[in-house]
Amino acid sequence: MLDTRREKVLAVVFGGAIAAFGLWETFGQMVLQPFTDLRVQLDAARSNRDNLQDQSATVEHALRNMKQVAAQSLPADPGKATVLYQGWLIRHLELNSIASAIVTPAPAMVEKSIGHRIPFTVQCSASTANIARFLDEFYATPLLHRITNLNITNSSNGESDHRITLSIEALAFDSASAIEVLPEPTVFAKESSLAAVFAGDDIFRRKRSTPPQVAKAPEESNPKPVIPVKKPEPPKPDPHKSVRFVASVWNGQQREAWFVDQRSKEEQTLIASSDLSFPDIDGKVLSIDNDTMQLELAGKRCTINLGQTLSEVTFAR
């Protein structure tokens, strides 16, 4: 029993503390915990909303790209697509003075959820200039087609034309419209074309020159000493002026950039994130568009247009 007043007060305080603690626990369970659960659910809902917005933007971007790509397809019917594209190839070969070309289609191959892939083989004889002009038109045409193999053999009889075999693939989407006429090449700058790069220089044939024979003068009884004269070395060509961006090609999966080094006639086919491996050049491909490309040269970001050399790039400010 509580005998003194002090003991009674302490008992009341202790009992009040226990009651207060019990009330706080009850308050936490009944009010604060549901509020905390609601905050967690709200944060999760906001995160899901942000993810859905990102996914929606990605889907919209993919649909736009798909629609743009589908517009460059052959007709959905593989038979009609084969006839139209075979005629297109023959006509453009003849327009570039490549006559008597044999264009042979192969059976269309089904690409699941896409449509049909139609292979073609082209066998012909052509000069370097003519085949370069044809390639210019081929890659400047907004069609889903690509060259998978190009074989060039020099004539053994010394003729100017080469024997050429091309392997080509074209796509016909199931969702493509039933067009009757295939598109023509888009306008491109002449100085950026392969024909301009190869003009006057047949890179597929190298002739070995024989040094002229020099007649020896009669020896004198007391020949004068010959003092060698050191000729000045010719200046080395600027490597950035020698490497030219000549083509941007869609290979069916991603875009490729074609470069030609006019010093050695070396060609490089690069994709995004590839390094430029030409001598005396430190560079990397960042991204490739239809007629422009983003590069990194010597650690600086820049833009190059189709047909330009690396000396003509525009650096980002």
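The side-chain contact (heavy atoms from CB on, under 4.5 Å) check on Leu171 picks up Arg117, Leu144, Phe173, with sequence neighbours excluded. Taking the ring pair (Phe, Tyr, Trp, His ring centres under 6.0 Å) definition, one finds that His240 meets it with nothing, sequence neighbours left out. Considering only residues two or more places apart in sequence or on other chains, Asp77 meets the side-chain hydrogen bond (donor to acceptor under 3.5 Å, both in side chains) condition with none of them. Contacts of Asp174 classified as side-chain contact (heavy atoms from CB on, under 4.5 Å), with partners at least two apart in sequence or in another chain: His116. Partners of Arg91 by side-chain hydrogen bond (donor to acceptor under 3.5 Å, both in side chains), not counting sequence neighbours, listed by chain and number: Glu184. For Ala81, the side-chain contact (heavy atoms from CB on, under 4.5 Å) partners two or more places apart in sequence, or in a different chain, are Leu74, Pro75, Ile118, Ala172. Residues satisfying the side-chain hydrogen bond (donor to acceptor under 3.5 Å, both in side chains) test with Ser277, not counting sequence neighbours, are Gln268. For Ser274, the side-chain contact (heavy atoms from CB on, under 4.5 Å) criterion is met by Leu270, Ile271, not counting sequence neighbours. Residues passing the ring pair (Phe, Tyr, Trp, His ring centres under 6.0 Å) test with Phe134, sequence neighbours excluded: none. Under the rule for a side-chain hydrogen bond (donor to acceptor under 3.5 Å, both in side chains), Glu296 has no partner lying at least two apart in sequence or in another chain.
Trp88 places no side-chain N or O within 3.5 Å of a backbone atom of Val181 that could act as its donor or acceptor partner. The backbone N or O of Val83 sits nowhere less than 3.5 Å from a side-chain atom of Gln86 that would complete a donor-acceptor pair. No donor-acceptor distance shorter than 3.5 angstrom exists from the side chain of Thr309 to the backbone of Ser242, with no hydrogens or angles considered.
Heavy-atom minimum distance, Ile90 versus Val103: CG1-CG2, 3.6 Å. Taking all atoms of both residues into account, the shortest heavy-atom contact from Thr128 to Ile131 is O-CG2, 3.2 Å. Scanning both residues, His162 and Ser127, for their nearest heavy atoms gives CD2-C, 4.4 Å. The minimum heavy-atom distance linking Gln262 with Lys241 is given by the pair OE1-O, 4.0 Å.
Under the 4.5 Å side-chain heavy-atom criterion for ILVMFWY residues, a single connected hydrophobic cluster contains both Leu89 and Leu150. The hydrophobic clustering, which links ILVMFWY residues whose side-chain heavy atoms are closer than 4.5 Å, places Phe315 and Val243 together.
Taking 4.0 Å as the cut-off between side-chain N and carboxylate O, Glu180 and Lys80 count as a salt-bridged pair.
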Margin query: Using the rule given for side chain to side chain contact (heavy atoms under 4.5 Å, CB included), can you reason through Met293 versus Thr303, listing the C-alpha separation, both sets of side-chain angles and the distance that settles it, and then say yes or no?
Written below: CA-CA 6 Å; Met293 184 168 52; Thr303 303; over 6 Å; no
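Contacts classified as side chain to side chain donor-acceptor pair (under 3.5 Å) and involving residues 140-150 (residues at least two apart or in different chains) are given here: Tyr85-His145, Arg146-Glu169.
Note that the OG atom of Ser167 and the CD1 atom of Ile147 stand 9.5 Å from one another [nearest 0.5 Å]. The line from SG of Cys124 to CG of Asp161 is 9.0 Å long, rounded to the nearest 0.5 Å.
Side chains of Leu143 and Phe138 form no contact here, defined as non-hydrogen atoms less than 4.5 Å apart. Looking at Leu276 and Leu310, their side chains come closer than 4.5 Å, going by heavy atoms from C-beta outward. A heavy-atom distance below 4.5 Å is not found between the side chains of Val122 and Ile98. Taking the side chain as every heavy atom from C-beta outward, Gln294 and Arg301 approach each other to under 4.5 Å.
In Gln254, the CD atom is crowded: over 12 heavy atoms of neighbouring residues, nucleotides or ligands sit closer than 6.0 Å.
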In a table with atom names and distances, give each donor-acceptor pair under 3.5 Å that connects a side chain of residues 278-288 to protein atoms at least two apart or in another chain.
none

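Here the two rings, on Trp258 and Phe245, have centers that are 6.0 Å apart or farther.
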